Structure formats: C-alpha cells, structure tokens
Amino acid sequence: MQPILNVKNLTMDFGGLRALDSLDISVNRGEIVALIGPNGAGKTTFFNCITGLYTPTHGDVLIAPPGQAEKRINGYKPNHVTEAGLARTFQNIRLFQNMTVLENVMIGRHCRMKAGIPGAIFRNPSTRAEEKQVVADSYAILKKIELAPHVNELAMNLPYGAQRRLEIARALATEPFLLLLDEPAAGMNPQETRELDDLIVRLRDRENVSILLIEHDMKLVMSLSDRIYVVDYGKKIAEGTPEEIKNNPAVIKAYLGEEVDA
Amino acid sequence: MFNREEIKKSFLVSLWFMFLTFPIMVIRVNTIYNRVEWRWDRLLMIGIGSFLLSFVWRYFIKRKEAGIQKADAGDGNETPLVQRILTTPKIYYPSLAVIVALAVAFPFISSMYQTNIMTTALIYVMLGLGINIVVGLAGLLDLGYVAFYAVGAYAYALLNYHYQLSFWIVLPIGAALGALFGILLGFPVLRLRGDYLAIVTLGFGEIIRLVLENWNAFSFGPSGIANIPRPGFFGFKFSLPEVTIYIYFVMLVLVVFTIFVVNRLENSRIGRAWIALREDEVACQAMGIDKTRTKLTAFSLGATWAGMVGVVFAAKTTFINPASFTIWESIIILCVVVLGGMGSILGVILGALVLILLPEYLRAFSEYRMLIFGTMLVLMMVFRPGGIVTNVRRTYKFKAEDAG
C-alpha cells in the first residue's frame, strides 16, 4: 500500500546548522505514528518543514490523499498544505485567544468555504446557507471532542486540557487525512492524558484520519503508536514497533546517555 | 484606606507635585516691572489638590484591581451594561429609534455651527470605522491611514478641477482609489508586523503628503485647491445653510452604510479570517487562511472608507491643501479606535464623538483644552484599556438537548 505521507531524504539547514539530516519517514493510512527524541532533536522542525512553515533545503515531502495521485508539497505555503489535507496542532498552544471556541473551529473550516466579500456584504442565500452549515459542522466537531458546553466561551478562558483539545478540534475542522500533533499531552495531568489517548484512537477509528504525533510522554507513545521513529540531532536513529524501540540500544543511549564503567 | 501608610504616600506624592510644578506655577517673571513674582498660595493649592487626588486615584486603582480579581475568579457571567442593552430588544429598539430621531432632527434644532461640527464628527466616525478594519480587526497597526483620506479628497478636487466631474460621480471613484492605494501599501508590508509595519505605514503617509506638497504641477503644492463645489442634488443649488444640512445628511447616510457593511464583514468568513490573523499569524496560516489575501483585503477594505470620506471632506470644506493630511490626523483617527474600543463598532462611534466633540465644547476652557483632553486619554487607558465599549464576540445558540 502506498503511504499517505512519504518523506524522503529531508534535510533542513539553518545557516551552518543542520537541523534535519536526510530523514526518511512515512505514514500509512490508518496508522498512528509517533516521532520521539530528546529536546532539540529537530522534531518540531520536521513538522514545520512538512507543513510549509519552513522550506526544506533538500528532499521530498510527498503526500497521497485518499483517492488522489501522489504529489510533492515542498515549498507549498502553509495554507495550501492545509488545503491539501494536512492539519497540525502546536507545541505551545496557539489558539485564537479572543475568539470563542466555536469561532476557533469555524476558522478551521475557512479553507473549505467559498464566500467572498460580496457574499459577506449582501448575504445572498448561498452565503447564508454556507454560514449555517459551518456553524452546524463546527458544533458537531465540538461535540465529538466533548467541548460542546464551552461553545460560546472565549478560547483563553478554557482550562488547559480543553485548550489542547480545542486545537485538535480546530485542526479536524480542516478535514485532514493526516493529523500532525505536536506534543498533545504536554502539561496534562494523568487523567487528561488518558482521555487524550482515547480521543486519538477514536479519531483514527471513526474520523478516518491517520496521525503523526510528537510526544515526550512515553507511556502514551508506547500504548498509542503503531510505529515509532526516534530522532536525535536531526538524524533518524531508530524505527519500529513500540516493543522494538523499548529495547533498542541506540535509543537508550540517546535518552539516558552511555553507561560508563567505573 | 486612611491609615498612616496611605497618608504618608499621599504626602510624598503632593511634595513631588509641588516640586515638579514649582517653576511654572509659582515663579513668574513680570516683564513690565522687571521683577520676579513668587506665588506661594498656588504652591499650597497644588499640594492640597494632589494630596486629595492621590486618594481618589488609589481608590479607582483598587476598584479596578478588585474587578480583575473577580473576573479571574470565574465570575465572568456578568455581561457588560452595553452588551445587555444590545441584546435586550425591549431596550435596544426604542433607544435606537431615539438616536435615529435625534440624528435626523439635529440640524433643525441646532445652529449651523453645531451642524458643521457634527458633520466633522461623522467624518471621523467613518474614518474610525475604516481604520478599525485594519487595526481593530486585522491587528495591523497603520499610522499612515490619513494618506487614503488625502487620496479621496484630492481625487474629488482634481477630477472636478480638470474634468468638472460632480460629487456623486467622484464618490465611488474616491472609494475605488482608496482601495487601490490600500493594496499598493499592502504589497510591500506583507512580511512586516508590529512596530516595523507601523514605521512603514507612517512613511507611506508622509510620502503621500510630501508628494502633494511638492508636486506643484499635479496638486498645486502647499497652496492647495480652492473653490471645490459642494455636492448638488440633481442640479439643484442650495444656499449655504441648506447645503450644510445637506452634507450632514449625506454623511449620516454614508455612516449608516459603513456601519451596515462593516458589521456584516465582521461576522463573515472574511471578518473571522482578519481576527484570526490578529490573534496569531502562524496558526492562522496553518488553519488554511491565505495570509497574503487576507492582509490585502483588510488594507483595501479599510482604505475604501477613507477614500470615500475624503471626497466628502473636500466637498464640505471647499478647500484642501496638504496641511489637512498630516500625521496628527492619523494619530487622532487611531485614538478614536483605541479610545472607543478596538474592533467594536459602537465603541468607534462613541470614540469619534467624544474625541471630536469634546475639544470643540471645551473651547470655553481654551487654555486648558488640550490638557483636559490629554488627561482624559491617559485616565481612559489606565482605567479602561479596552476602550469605552469592549468588543464582545458573537454568540450562537444551540438547542438545549444538543448542549447537554
């Protein structure tokens, strides 16, 4: 089967610093794949490269949306990447703080809407119908993520865990086939992390999205992922199932350092 | 509140103020008799005055902090008064009717001078609503907004001078030119934000003014253009008092039109994209919003209103020159939005009325006019940084069984 995301030989240089070094990463349809590595390994840079915030120095980012041919998306603007069906969340929450929860999700629908300036001013029937549809769709998404009771609250007033979930809801609203989650469990308590675990599995099973996530919470990563990639200093040092990764000496070395004989 | 500590603080404040104002309030050189007058009584008044005022000041600061704590504690259900009025039809419609009736009756119950001032205030309402799109909604700090105003005004003056085009024909042309110049400014500043954007827009505003001032062959330089005709009504000529009232109504209609359009834009796909851009540029792009297009529409739709109202300004004053379009105008327009409340239409209207009418009615205190004006701005920003009317996001209602 053709992978829906296929990254080949991805390299990213910042001046003389090589942040990513010939990374090969792929995600298959319906998979939950985790990307782990110590701080500063280049995980978020990798996300930024494939979502268009950075233009990679070398390599290919290929995507194959369901039912479409494979295409190369290097150098796409971030909004075009999102339109193509890749949606992401951010490590440090980047919600639209002064907008309501519903509006945040409605922004996610933006690229699937058509209304222009004349439509906004004259509110012709098609614009009104579209607007109504968007409100209904966004509300449906919020119900799935269990944020419906907060619908009219400002995003900044939500509790931390709910803000993280709202980011996921907003990303889902763009109708992605691949969801990129950047440390979704960061700062969550064990209870919230368990709920997140359920949520991610539910998204994969019911919403038909594949998931690529960066995470430091090893318990979550091990229970959730089908496959794991380990990155250190911009290089891939291991890949495999959670079992294989747990026992991989290179991974243990990267995380815990080498054993020194006294 | 009146314990020893507080009194000591207030005493120090009053000492400090006495020291600060000593040179201007106490010493006076009498040039006729060539001697120095010492007005010690004034020093005493300042001391007592600042001593008392410092208590008032501290009381309000305390009240404000208590308010913030209350909001943090989660008692956020208390909707602001203005919002309650807007959402209660029983109060909202009658008060709207009264305002409309007052606005329509105003020129007939007041003098020509009053009508003229009110027209100026309405001009600023429209400018404020325009810049509100750029600054309030899209969050792009624009210090050169007056340039678009100048474009509209010169469009009417020049097109009329050379081609005798009438007011009503130039009005849409002015709007279109404003939009065009908005895009022209928008392109080079697409990558900039915050302070850098402010500096570039400031430069843009100055460029337009300097071009108008120095390109004599085109704009008649600093001497400006005189005898610009006032607007007509199907070839009908008005007397001066009549035309003042007429322009007032033209402005009133334009303001209502602006409110209508801006209100609809704000709650549309485009308006939401602007607000998202203001809130977080990176996230906004990552959610599939075309940053370039969104910024350009904000600049051009914001500038449209300035272009349009510029035409009215030229027709109202019948004389324009570059001195009407200095950076000071941009700042006033910006103050209208900041004072009124960023992003809030009602706030901008109130802001414009306060900022334009207050200095006019304060002419009685001529010397202290600007002092009172400045003090008011400072107090406003300290105690109500959100502006007179804080913008409240639209809420949607869902069926009860859904929300559960």
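Chain identifiers are assigned alphabetically (A, B, ...) following the order of the sequence lines, protein sequences preceding nucleic acid strands; residue numbering begins at 1 within each chain. Just so it is clear, the structure is predicted and the values come from calculations on it, not from any experiment.
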Colleague: I'd like to verify something: which residue of A:Arg109, A:Glu83, A:Glu131 has the highest number of heavy-atom pairs under 4.5 Å with chain B?
Modeller: A:Glu131

Colleague: Assess the pair A:Tyr54 and A:Phe14: is the distance between their ring centroids shorter than 6.0 Å?
Modeller: yes

Colleague: Taking every non-hydrogen pair under 4.5 Å, which of B:Ala283, B:Ala273, B:Cys284 racks up the most with chain A?
Modeller: B:Ala283

Colleague: Strictly below 4.0 Å, N to O, side chains only: are A:Lys144 and A:Glu207 in salt-bridge contact?
Modeller: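 A:Glu207 and A:Lys144: salt-bridged.
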
Colleague: Could you tell me which portion of A:Ile107 (side chain, backbone, both or neither) has an atom closer than 4.5 angstrom to a non-hydrogen atom of chain B?
Modeller: both

Colleague: Both conditions, 6.0 Å and 45 degrees, for the charged tip of A:Arg29 above the ring of A:Phe177: are they met here?
Modeller: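 The answer is no; the distance or angle limit is not met.
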
Colleague: What residue, out of A:Pro176, A:Ala115, A:Ala173, has the most heavy-atom pairs lying under 4.5 Å from chain B?
Modeller: A:Ala115

Colleague: Is A:Thr174 close to chain B through its backbone or its side chain, or both, or neither, when contacts mean heavy atoms under 4.5 Å?
Modeller: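 Looking at A:Thr174, just its side chain touches chain B.
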
Colleague: So which residue, A:Thr100, A:Asn98, A:Thr127, ends up with the most heavy-atom pairs under 4.5 Å with chain B?
Modeller: A:Asn98

Colleague: Is there a side-chain contact between A:Leu213 and A:Leu180 (heavy atoms, below 4.5 Å)?
Modeller: no

Colleague: Can you tell me if A:Tyr229 uses its side chain to pair, donor with acceptor, with the backbone of A:Leu23 under 3.5 Å?
Modeller: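 It does not hold such a pair.
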
Colleague: Between B:Trp305 and B:Phe257, does the ring centroid distance fall short of 6.0 Å?
Modeller: yes

Colleague: Checking heavy atoms, do the side chain of A:Leu154, its backbone, both or neither come under 4.5 Å from chain B?
Modeller: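 The side chain, not the backbone.
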
Colleague: Go through B:Gly271, B:Gly343, B:Gly288 and name the one with the most non-hydrogen pairs under 4.5 angstrom from chain A.
Modeller: B:Gly288

Colleague: Under a plain distance cut-off of 3.5 Å, with no hydrogens placed, do A:Arg88 and A:Asn48 share a side-chain donor-acceptor pair?
Modeller: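 Yes.
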
Colleague: Does any backbone or side-chain atom of A:Ile121 lie under 4.5 Å from a heavy atom of chain B? Answer side chain, backbone, both or neither.
Modeller: both

Colleague: Do A:Asp137 and A:Gln133 have side-chain atoms, one donor and one acceptor, less than 3.5 Å apart?
Modeller: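 There is such a pair (donor and acceptor under 3.5 Å, judged by atom type) between the side chains of A:Asp137 and A:Gln133.
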
Colleague: Heavy-atom pairs under 4.5 Å with chain B: which of A:Gln97, A:Met99, A:Lys114 has the most?
Modeller: A:Met99

Colleague: Counting heavy-atom pairs closer than 4.5 Å to chain A, which one of B:Met287, B:Gln285, B:Arg269, B:Glu279 comes out on top?
Modeller: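 Of the candidates given, the most pairs with chain A belong to B:Arg269.
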
Colleague: Below 4.5 Å, heavy-atom pairs only: which of A:Gly52, A:Pro78, A:Cys111 has the largest tally toward chain B?
Modeller: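 The answer is A:Pro78.
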
